[in-house]
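Report on the following structure.
Please read these numbers as outputs of a predicted model, since none were measured by experiment. We name chains A, B, ... by the order of the sequence lines, and we start the count at 1 in each one.
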2 protein chains.
Amino acid sequence: MSTHHYYQLQGYFRELIELKTLKSGSKLPSEREIGEQFKLTRVTVRQALQNLEAEGLIYRQNRKGWFVTPPAVVYNPSSHLSFNLYVTEQGFVPHTEKLMQQIEPANAYIAQLMNIPEHAPVLYLHRRRYINQRPVLIEKMYINTRLLPGIEKEDLTQSLSQLLKNNYQREYRDMDLVFKSTSLPSSAADDLGISAGQPGLHIERINYTADKQVLEVDYEFWRHDAVTINIAIRD
Amino acid sequence: MSTHHYYQLQGYFRELIELKTLKSGSKLPSEREIGEQFKLTRVTVRQALQNLEAEGLIYRQNRKGWFVTPPAVVYNPSSHLSFNLYVTEQGFVPHTEKLMQQIEPANAYIAQLMNIPEHAPVLYLHRRRYINQRPVLIEKMYINTRLLPGIEKEDLTQSLSQLLKNNYQREYRDMDLVFKSTSLPSSAADDLGISAGQPGLHIERINYTADKQVLEVDYEFWRHDAVTINIAIRD
DNA sequence: CAGTGGTCTAGACCACCAC
DNA sequence: TGGTGGTCTAGACCACTGG
């Protein structure tokens with residue numbers, strides 16, 4: 001079938017990765033080195049690498065080089081497990097970094113969802129989350145401070161679901177989820193240290209309390225290769 | 001921020017598309033023409049176009065050119081609506097084509113799920129689905145013929161959920177869903193008439209009957225720009 | 001058959017990274 | 001400071017599309 005050069009090169013690396021000759025997380029040779037070995041120009045080498053990136057087998061860190069993608073974590077929103085818990089359970093090491101936090105006036109959309117006046121204060125929280133030292137997820141969220149007074153004074157790098165349970169006797173229940181496969185917006189790409197325009201997974205999540213009030217509105221931007229979504233629907 | 005040539009070109013087309021100067025489904029000028037207009041080489045023009053493709057704003061059809069992406073359809077698996085229904089409801093025109101159909105022996109995975117002996121016959125069905133004449137989805141499914149005897153003699157371009165309801169008094173109930181953002185496998189890309197390696201959305205779905213038997217195992221490959229997933233989780 | 005997108009060559013310069 | 005990835009030029013040939 002296709003005997004294009006980039007296609008053969010993809011096959012070459014795919015095999016090395018599947019056989020674990022190239023181990024998860026390890027660095028590929030430089031583009032020039034690969035080109036020399038296969039007598040190809042960098043343009044062709046890069047096409048192959050970019051296709052493998054779209055496939056999720058390799059990824060790049062800004063100007064550092066190409067690396068073999070580690071296994072994806074399985075994210076099951078309906079399990080109500082926190083990021084820290086499900087990442088740990090699957091044998092990875094989670095880490096969370098707070099990039100920004102501020103009280104700000106709710107925009108029309110958020111205000112309507114939370115049933116509060118427009119411009120009423122909400123807590124905006126911006127976090128970066130890691131799996132095994134690799135930044136995989138940018139989170140931007142709006143938290144209903146009326147239901148969670150004083151939450152802005154807590155340590156907001158911790159699991160919010162734990163915090164809600166321990167300090168407010170509240171738990172996540174119902175959720176509305178929207179998934180869209182699209183490229184990362186440049187702000188999120190910058191935060192993840194990758195070049196803009198890379199494929200990504202965008203999730204919008206609305207969390208409700210048991211009595212149907214909106215606790216939190218969440219925007220998540222995942223590296224597309226870092227996560228698999230798993231949902232069980234039981235009526 | 002970035003003043004790279006491809007970046008500016010992306011901004012140019014993004015604006016035309018957002019202002020609807022370039023309407024949904026319309027064709028962009030040829031790559032050479034764009035290059036001439038902006039004094040750029042084709043390599044640079046193509047980088048901009050490929051980024052816009054990752055963003056989901058434009059798409060290409062094999063060797064035919066670049067087109068403005070129509071709005072995505074919203075797919076809500078928990079609503080149990082058939083493809084034909086939800087596509088129609090959202091103002092689009094659905095169409096289904098049967099590519100292949102055959103009775104074949106179940107592999108180990110399918111057999112275990114369906115609780116039937118390995119190599120027992122199952123119905124394999126391979127379909128292509130369109131929205132407004134545009135092929136957006138490849139479906140490969142394994143159907144439990146024990147629960148649905150004679151189904152292979154029906155018209156299998158129609159909605160399976162309708163067929164189940166009308167002829168077998170069965171309905172889809174519980175489902176297990178797995179989503180993964182990855183590039184399209186070359187077989188699916190060929191079926192969709194796009195070049196391999198394009199980003200895509202892969203869905204695996206297991207459909208259960210009310211009494212927890214596996215009716216059907218479904219593998220779906222979507223154009224990544226054609227669909228938004230929407231799920232409500234209610235415990 | 002003219003023009004298109006798909007593939008590829010052989011260079012170049014730059015900003016940034018690791019040493 | 002040498003080497004890397006990111007960007008870009010100026011060509012080329014091919015397979016295929018559409019008139």
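One finds a salt bridge joining Glu55(B) and Arg14(B) here, because a Lys/Arg side-chain nitrogen approaches an Asp/Glu carboxylate oxygen to under 4.0 Å. Between Arg129(B) and Glu139(B) there is a salt bridge, since at least one side-chain N of the basic residue sits less than 4.0 Å from a carboxylate O of the acidic one.
Residue Arg42(A) places none of its side-chain N or O atoms closer than 4.0 Å to OP1 or OP2 of dA12(C). Put simply, Thr41(B) has no side-chain N or O that comes within less than 4.0 Å of OP1 or OP2 on dG11(D). Taking only side-chain nitrogens and oxygens, Ser30(A) comes nearer than 4.0 Å to OP1 or OP2 of dT4(D). Proximity of Arg63(A) to the phosphate of dA18(C): no side-chain N or O atom is located under 4.0 Å from OP1 or OP2.
Between the side chain of Arg32(B) and the base of dG5(C), at least one donor-acceptor pair of N or O atoms lies under 3.5 Å.
Mapping Lys39(A) and Trp66(B) onto DNA chain C by nearest heavy atom places Trp66(B) closer to the 5' end of the strand. Take the nearest nucleotide of DNA chain C for Leu40(A) and for Pro29(B): the residue whose nucleotide is more 5' is Pro29(B). If you find the closest nucleotide of DNA chain D to Val43(A) and to Gln61(A), the one lying nearer the 5' end belongs to Gln61(A).
With a 6.0 Å cutoff to the six-membered ring centre and a 45° limit on the axis angle, Arg134(B) counts as a cation-pi contact of Tyr59(B).
Aromatic ring centroids of His80(A) and Tyr172(A) lie 6.0 Å or more apart.
Among the nucleotides dG6(C), dT9(C), dT9(D), the one closest to the side chain of His5(B) is dT9(D). The side chain of Tyr6(A) lies closest to dT7(C) when the candidates are dT7(C), dG6(D), dA18(C).
Using Watson-Crick or G-U wobble geometry with both donor-acceptor distances under 3.5 Å, dG6(C) finds its partner in dC13(D).
Across the protein-nucleic acid pair, Gln47(B) atom CD and dG5(D) atom P stand 16 Å apart, rounded to whole Å. Regarding Asn62(A), its CG atom lies at a distance of 7 Å from the P atom of dG6(D), rounded to whole Å. One interatomic measurement links the two molecules: CD of Gln50(A) to P of dG6(D), which rounds to 8 Å at whole-angstrom precision. With rounding to whole Å, Glu36(A) atom CD is found 14 Å from dA10(C) atom C1'. Put simply, NZ on Lys64(B) is 13 Å from P on dC16(D), counting in whole angstrom units. Atom CZ in Arg46(B) sits roughly 18 Å away from atom P in dA10(D) (whole-Å rounding). Atom pair Gln10(B):CD and dG6(D):P shows a separation of 15 Å (rounding to whole Å applied). As rounded to whole Å, 18 Å separates atom P of dA12(D) from atom CD of Glu31(B).
Heavy-atom neighbours of Glu97(A) CD from other residues, nucleotides or ligands within 6.0 Å: above the threshold of 12.
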